[in-house]
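As the structure lists them, so they are numbered: ligands from 1, and atoms in each ligand from 1. Being a predicted model, the structure only gives us computed values, none of them experimental. The figures that follow rest on heavy atoms only: side chains count, while hydrogens, waters and symmetry mates do not.
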Amino acid sequence: MIYLDHNATSPYAESVKEFIQEEMVNKWANPSSEYVEGAVLSDEIKLIRAQIADGLGCSPKGLIFTSGATESINTVLSQANLKKLGVTNIVSSSLEHHATLDRLKFLETEGFKIHWIENDQEGRLNLTQIENCATNLGHCLFTFLYVNNEIGTINPIKEISSIVRKHGHLVHIDAVQALGKLRLNLEEIDVDFASFSGHKIGAFKGIGLLYCSEIKNLVPLVHGGGQERGYRPGTLNYAGIKSFELALNDAKKWDLEKIQANRDYLEKKIKDLGEVSINATLNQRVCNTSNIALKGKSSKEILSQLSRKDIFISTGSACSSGSFEPSHVIKALGFDKQYASSCIRVSISNSTTKEDIETLIENLKQVFTY
Ligand code: PLP
């Protein structure tokens, strides 16, 4: 199998596999129990939180474990939280992941005003519009992707936060696709909230993180047993938390230059196949993602042909791939439905080899001969 869809999810990191095989079976206790089995896990979680915080450049006090980025994003964008923050205006973009987009569309129906920042065909946000919103609107929450999951573009979050925080507004970032691919320092980029998901870097599915610079201002999405200081109650997912720590440590060893060399090799070779264009190359991008229009071809057809050969890529975000709707991101770049229907996303990892790319190219050649 050649798996080239790491922005959708990643196989378990090597250290996570070892943990599953050697340790997990004995670490089943409830970390909130008073007897020793639980207390040991609770102490371990304290250390893990400190280690993760160190890696993300923030205080451990600002981190809470969630079930994933969808929950983290929905916690920040919950009505109760926005009310406590005094926010009625939200500023965002059409390039966001559905976890944010669908939440914002719901908030719109509940009376919140959403201000959509425009972007160009390279996926660059209009910073003048951001500045205008920051200058002219009442208390706002700005929410943007750090790294776009479909086209790999990096938003200039530090610049955006310095523009909007001058005016006292708040910033949330969806940093899911930044993990492992960018050096992260949450305090340095100066954001109020950041959402993360473990399974994109080889941790378990169902574990995520929410960072809050002022945790006391957060209103929990759910209420219950007081775990996570009451900000995210529910029995702690020790195994998921451990897998997050292990996967994050493995991700620190990724050879980003090698990943980029393989991605660039793909983009060079694919251009020889026919009428091909690569989306958003003039913008800053992370090293592993390539979004490619194979003009006149159907990405749905290409995907099914490749999957018959055990090669897995995608048309965009996994949430919408079941329905094979053309990507909302490609449409938001200003392309028509036909162009969007010809786009594939290849997202590689540290374990992807040049030979994997060559096999993909060979198989794509056959697609082009139809
Ligand atoms: N945000 C981005 C950029 C993503 O890629 C994803 C996963 O597809 C999510 C949010 C949602 O993460 P999860 O499914 O772990 O809740």
Side-chain angles (χ1 to χ4, degrees), residues 3-13 16 52 63-78 92-106 119 123 125 143-155 157 171-182 184 191 193-211 221-222 232 234 237 239-241 243-244 247-248 251 280 283-291 312-323 325 327-330 332 345-349:
Y3 184 75
L4 305 170
D5 195 16
H6 289 266
N7 287 9
T9 198
S10 261
Y12 296 133
V16 172
I52 294 180
L63 285 182
I64 58 170
F65 290 106
T66 64
S67 66
T70 303
E71 182 191 326
S72 302
I73 292 166
N74 276 269
T75 305
V76 175
L77 297 176
S78 77
S92 191
S93 93
S94 312
L95 299 168
E96 300 305 300
H97 186 273
H98 274 292
T100 297
L101 275 187
D102 290 13
R103 179 75 207 167
L104 293 181
K105 284 179 191 157
F106 171 72
N119 55 270
L125 296 174
T143 179
F144 295 113
L145 283 161
Y146 198 169
V147 171
N148 189 293
N149 49 304
E150 297 198 30
I151 51 178
T153 48
I154 304 168
N155 280 328
I157 293 301
V171 183
H172 164 250
I173 55 168
D174 172 347
V176 168
Q177 300 288 344
L179 266 191
K181 301 164 202 162
L182 294 183
L184 280 170
V191 293
F193 304 99
S195 296
F196 298 94
S197 187
H199 69 100
K200 308 287 180 176
I201 55 164
F204 295 166
K205 286 156 192 67
I207 184 70
L209 267 178
L210 174 57
Y211 161 75
L221 191 62
V222 291
R232 205 289 187 173
N237 175 3
I241 292 169
S243 75
F244 205 140
L248 209 49
N283 200 343
Q284 278 227 55
R285 282 186 300 161
V286 284
C287 58
N288 81 317
T289 308
S290 199
N291 197 297
F312 300 104
I313 59 165
S314 90
T315 55
S317 124
C319 317
S320 44
S321 65
S323 62
E325 265 299 298
S327 149
H328 72 277
V329 172
I330 304 300
R345 178 186 70 183
V346 181
S347 50
I348 65 175
S349 77

Per-atom contacts of ligand 1 with [X], taking only distances under 4.0 Å to non-hydrogen atoms:
X      : result
Leu145 : 3 (C)
Val176 : 1 (N), 2 (C), 3 (C), 4 (C), 5 (O), 10 (C)
Ser197 : 12 (O), 13 (P), 15 (O)
Lys200 : 5 (O), 6 (C), 7 (C), 8 (O)

Checklist entry - Taking the non-hydrogen atoms of His98, is any one of them nearer than 4.0 angstrom to ligand 1? => result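 Not so, His98 does not reach ligand 1.
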Part of [X] with heavy atoms under 4.0 Å of ligand 1, whether side chain, backbone, both or neither:
X      : value
His199 : side chain
Asn149 : side chain
Glu71  : neither

Checklist entry - Can you find an N/O atom of Gln177 closer than 3.5 Å to an N/O atom of ligand 1? => result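 It does: an N or O of Gln177 is found under 3.5 Å from an N or O of ligand 1.
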Checklist entry - Nearest non-hydrogen atom to atom 11 (C) of ligand 1 belongs to which of Thr100, Thr70, Thr66? => result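 Among Thr100, Thr70, Thr66, the closest heavy atom to atom 11 (C) of ligand 1 belongs to Thr70.
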Checklist entry - Which atoms form the tightest heavy-atom contact between Gly68 and Ser197, and what is the distance? => result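 Closest pair (atom of Gly68, atom of Ser197, distance): CA-OG, 4.3 Å.
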Item to check | Minimum heavy-atom distance Ala251-Gly180, with the two atoms named | outcome: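 In terms of heavy atoms, the two residues are closest at CB-CA, 4.1 Å.
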Checklist entry - Distance only, no hydrogens: is a donor on one side chain within 3.5 Å (strictly under) of an acceptor on the other, for Asn7 and Thr289? => result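 Yes - a donor-acceptor pair under 3.5 Å links their side chains.
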Next on the checklist: Please tell me whether Ser195 and His172 have a donor and an acceptor in their side chains that are separated by less than 3.5 angstrom.
Outcome noted: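 There is such a pair (donor and acceptor under 3.5 Å, judged by atom type) between the side chains of Ser195 and His172.
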Item to check | Sequence-distant partners of Ala247, side-chain contact (heavy atoms from CB on, under 4.5 Å), two or more places apart | outcome: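 Partners of Ala247 by the side-chain contact (heavy atoms from CB on, under 4.5 Å) criterion, ordered by chain and then number, come out as Ala13, Val16, Ile201, Ala203.
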Item to check | For Ile173, the option from Val147, Val191, Thr143 that meets side-chain contact (heavy atoms from CB on, under 4.5 Å) | outcome: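 It is Val191; the other options fail the test.
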Next on the checklist: Would you call the rings of Tyr12 and Phe204 parallel, tilted or perpendicular, taking 30° and 60° as the class edges?
Outcome noted: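 Ring orientation, 0 to 90° scale: perpendicular.
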